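In what follows, a single structure is set out as C-alpha cells and then discussed.
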Amino acid sequence: MSVVTRFAPSPTGLLHIGGVRTALFSWLYARHCGGKFILRIEDTDQDRSTDQAVRVIIEGMTWLGLTPDEGPYFQTQRFDRYRSVLAELLAAGKAYYCYCTKAELDAMREAQLAAKQKPRYDGRCRERLEPRAGVAPVIRFKNPLAGEVVVQDQVHGRVTFQNSELDDLIIARSDGSPTYNFCVVVDDMDMGISHVIRGDDHLNNTPRQINMLLALNAPVPAYAHVPMILGTDGAKLSKRHGAVSVLQYQEEGYLPDALLNYLVRLGWSHGDQEIFSREQMIAAFDIKDVNKAASAFNPDKLQWLNQQHMMRTPVAMLATELRSQLARIGLHSDDQSLLEGVVNAQRERAKTLQEMAKNSQFFFQDFDQYDDKAARKHLTAEVVPLLQAVGEGLAAAEDWNA
RNA sequence: GCUCCCGUCGUCUAGAGGCCUAGGACACGGCCCUCUCAAGGCUGUAACACGAGUUCGAAUCUCGUCGGGAGCGCCA
C-alpha cells in the first residue's frame, strides 16, 4: 500500500510548534515510507481564517524544509465538490435536513445538561419530512443508532466508541456551507490519504468520521493520534509558553534542523540517540514508536540542540546564516572571511545565531567605519585571530559599546 | 455531568514479567582540561502517582482510586 499523509491546519491562529510537530511526524512518516505528503489548508471558517495565518504556515514549512509533495489545497476552493457529496448523501437517505431552530437546540442542550446527560441532538428531524416555513435548514448526517466503532490507532491501539454516544452531526450550515468534520472526510477520501496523523484532540471525532467514510463506501485510513505539546509549565500551550509563530524561532536564530530535531524527540525516541540529522530522522522514524503521553516544551534543551547542530554545520553555511542574523540588527557584511572567523570563534560559545550576532556585533560596527581597503584588510587579519584566541569576548563587547 | 485518552527523575525519554541496585539526555552541583568563557571528559543529586490483585517474580498484566487532558458548537 502506498503511504499518503497530510498536514491539515486551519489558518485561524499562527502556526506554532505544536502544529509543526504534527506536520513533522506526517512528513517524516511519508518520507520514511517513500510516500506522499500533502498540505491542506482547512479554511471553511471564513470568519476566523486569515491570510496572515496562511502565510505563516507556508513560510514556516518552507523554512523548515517540510515541503509538501502536493498542495497547498484550500477547502474553500472545493465547495462544489462538497455540495455534490452532500447531495449524494441526501439522495441516499444517509443525511437529512434539520429544521430545528437554535433556540430549540439550546433548550434541548440545557435540559440534557440539567439531567446530567451528555448534550446531544436527539434526531427529531429524522422523521420530519415537511419543511418549516421561515427556517433555513442545516444538513445532518444520519449516524448509526446502534453498534460500535473501533478505531485501530497506530499509537493508542484499539479504541472503541459506542454509536449510542454519537449524535447526528451537522455537515452543512443553514447557509449551505459544509462543516469541518464533513470536509475532512471528503478530502481524506478524495486525496487518498492512507494515514491520518493528527493531534490526539481529534481522537473523539474519529468515530464520526469513520461512520461517514463508511456511508460513502470509502476506505477507512489508518489513524495515528499523536500527543499534544504542553508549555514549559506543563499546562496547555499558551501565548506565554511557546505558542508563538514558528517563524519566531527563525528570528531568534535557530537552525531548522535543530528545531526539527528537538521536536521529533518530543514523544518519540530511538534508543539513546539525541542528535539526529534530517536523514537519520527519516531513516529511524516510525509512527508506531510514538508515545501516548503529552510532553512539555523545554527551551533549554532546544538551545543545547541548536548549539550541537551549529557545531556540526559547515562554516560557510553558518556564515550565511550569521549574515542574515546581523542584518536583523541593522549590520551588513559581505566579508566572507570575517564572517567565517566569527563563526569559528562563536559556534561553540553561542546557543543561537542571534546570540552569535549579538556577541560579535561590535566587531562589525567598528569594522564598517573603515573604508580604506587596506585598513579593512588589516583589521580583519588582526581581529579574527583575536576573537578566536580571546573567545566570545562578550564582556569586552559590552565594554566596547559602553 | 457524560464519553474517550493519558500518568517513569524538575523536563525529554529507555523500559513490551526476571537483563532494573530503574539506563540515557537537558538543567543543576562537583572534579578534570584550560590565560577567560565555552566545547569536551569524569562524576553527584533526582523518578516507576496510589492501592489491591495475578505470578515463584511487576515499572511492565488486571481492577480500583487519585491526578491531568480532550470531546460533547450552524469552531476547526
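So that the names make sense, note that chain A is the first sequence line, chain B the second, and so on, each numbered from 1. Worth saying up front: this structure is predicted, and the values here are computed from it rather than measured.
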Watson-Crick or G-U wobble partner for [N], using a 3.5 Å limit on both distances?
N      : result
B:rA70 : B:rU3
B:rU21 : none
B:rA39 : none

Can you check whether A:Lys116 has a side-chain N or O nearer than 4.0 Å to OP1 or OP2 of B:rC2?
no

Side-chain N,O (A:Thr179) to OP1/OP2 (B:rC74) below 4.0 Å
no

Residues 202-213 of chain A vs salt bridge (charged side-chain N to carboxylate O under 4.0 Å, His left out), sequence neighbours excluded, gives A:Asp167-A:Arg208

Rounded to whole angstrom, note down the [atom1] distance from [N] over to [M].
N      : M      : atom1 : answer
B:rG71 : B:rG18 : C1'   : 41 Å
B:rC9  : B:rG51 : P     : 16 Å
B:rG29 : B:rA49 : C1'   : 28 Å

What's the [atom1]-[atom2] distance between [X] and [N], to the nearest Å?
X        : N      : atom1 : atom2 : result
A:Glu165 : B:rC5  : CD    : C1'   : 15 Å
A:Asp45  : B:rG73 : CG    : C1'   : 11 Å
A:Asp187 : B:rA76 : CG    : P     : 13 Å
A:Asn163 : B:rU3  : CG    : C1'   : 13 Å
A:Phe297 : B:rU11 : CZ    : P     : 16 Å
A:Ile171 : B:rG73 : CD1   : P     : 16 Å
A:Asp289 : B:rU13 : CG    : P     : 13 Å
A:Asn291 : B:rC6  : CG    : C1'   : 11 Å

Listed by chain and number, what are the ring pair (Phe, Tyr, Trp, His ring centres under 6.0 Å) partners of [X], not counting sequence neighbours?
X        : result
A:Tyr254 : A:Tyr249
A:Phe182 : none
A:Tyr73  : none

Do the side-chain N and O atoms of A:Thr352 and A:Asn306 include a donor-acceptor pair separated by under 3.5 angstrom?
no

Any donor-acceptor pair under 3.5 Å linking the side-chain atoms of A:Glu252 with those of A:Gln354?
no

If you look at every strand shown and take non-hydrogen atoms under 4.0 Å, does [X] touch a base, only sugar-phosphate, or nothing?
X        : result
A:Asp175 : nothing
A:Gln117 : base
A:Gln303 : nothing
A:Tyr262 : nothing
A:Arg48  : base
A:Asn181 : base
A:Arg265 : base
A:Val159 : sugar-phosphate
A:Gln308 : sugar-phosphate
A:Ser177 : nothing

May I ask you to verify whether the side chain of A:Arg349 and the base of B:rC37 hold a donor-acceptor pair under 3.5 Å?
yes

Hey, is the side chain of A:Glu274 pairing donor to acceptor with the base of B:rG24 inside 3.5 Å?
yes

With sequence neighbours excluded, what pairs up with [X] under the salt bridge (Lys or Arg N to Asp or Glu O under 4.0 Å) test?
X        : value
A:Arg140 : none
A:Lys94  : none
A:Arg265 : A:Glu274

Parallel, tilted or perpendicular, as decided by the 30° and 60° cut-offs, for the rings of A:His32 and A:Tyr29:
parallel

Counting only side-chain heavy atoms from C-beta out, which of [options] sits nearest to [X]?
X        : options               : result
A:Ser295 : B:rA76, B:rC12, B:rC6 : B:rC12
A:Asp272 : B:rG24, B:rC12, B:rG1 : B:rG24
A:Ile170 : B:rA39, B:rC74, B:rC6 : B:rC74

For A:His156 and for A:Ser174, locate the closest nucleotide of RNA chain B by heavy-atom distance; then report the residue assigned to the nucleotide nearer the 5' terminus.
A:His156

Does A:Asn205 have any side chain to side chain donor-acceptor pair (under 3.5 Å) partners at least two apart in sequence or in another chain, and if so, which?
none

More than 12 heavy atoms of other residues, nucleotides or ligands under 6.0 Å from CG of A:Asp51: is that the case?
no

Distances under 3.5 Å only, N/O to N/O: pair up the protein atoms with those of nucleotides 61-70 of chain B.
| from | atom 1 | to | atom 2 | distance (Å) |
| --- | --- | --- | --- | --- |
| B:rA70 | O2' | A:Asp201 | O | 3.2 |
| B:rA70 | N3 | A:Asn204 | ND2 | 3.2 |

Please tabulate, one pair per line, each protein N/O and nucleotide N/O from nucleotides 30-34 of chain B that are separated by under 3.5 Å, including the distance.
none

Mind listing the N/O atom pairs, protein and nucleotides 26-29 of chain B, below 3.5 Å?
| from | atom 1 | to | atom 2 | distance (Å) |
| --- | --- | --- | --- | --- |
| B:rC26 | O2' | A:Lys301 | N | 3.3 |

My understanding is that only one of A:Arg120, A:Arg124, A:Arg126 makes a salt bridge (charged side-chain N to carboxylate O under 4.0 Å, His left out) with A:Asp168; could you say which?
A:Arg126

Check: residues 214-225 of chain A side-chain donor-acceptor pairs under 3.5 Å, at least two apart:
| from | atom 1 | to | atom 2 | distance (Å) |
| --- | --- | --- | --- | --- |
| A:His225 | ND1 | A:Asp153 | OD2 | 2.6 |
| A:His225 | NE2 | A:Arg198 | NH1 | 3.2 |
| A:His225 | NE2 | A:Thr206 | OG1 | 3.1 |

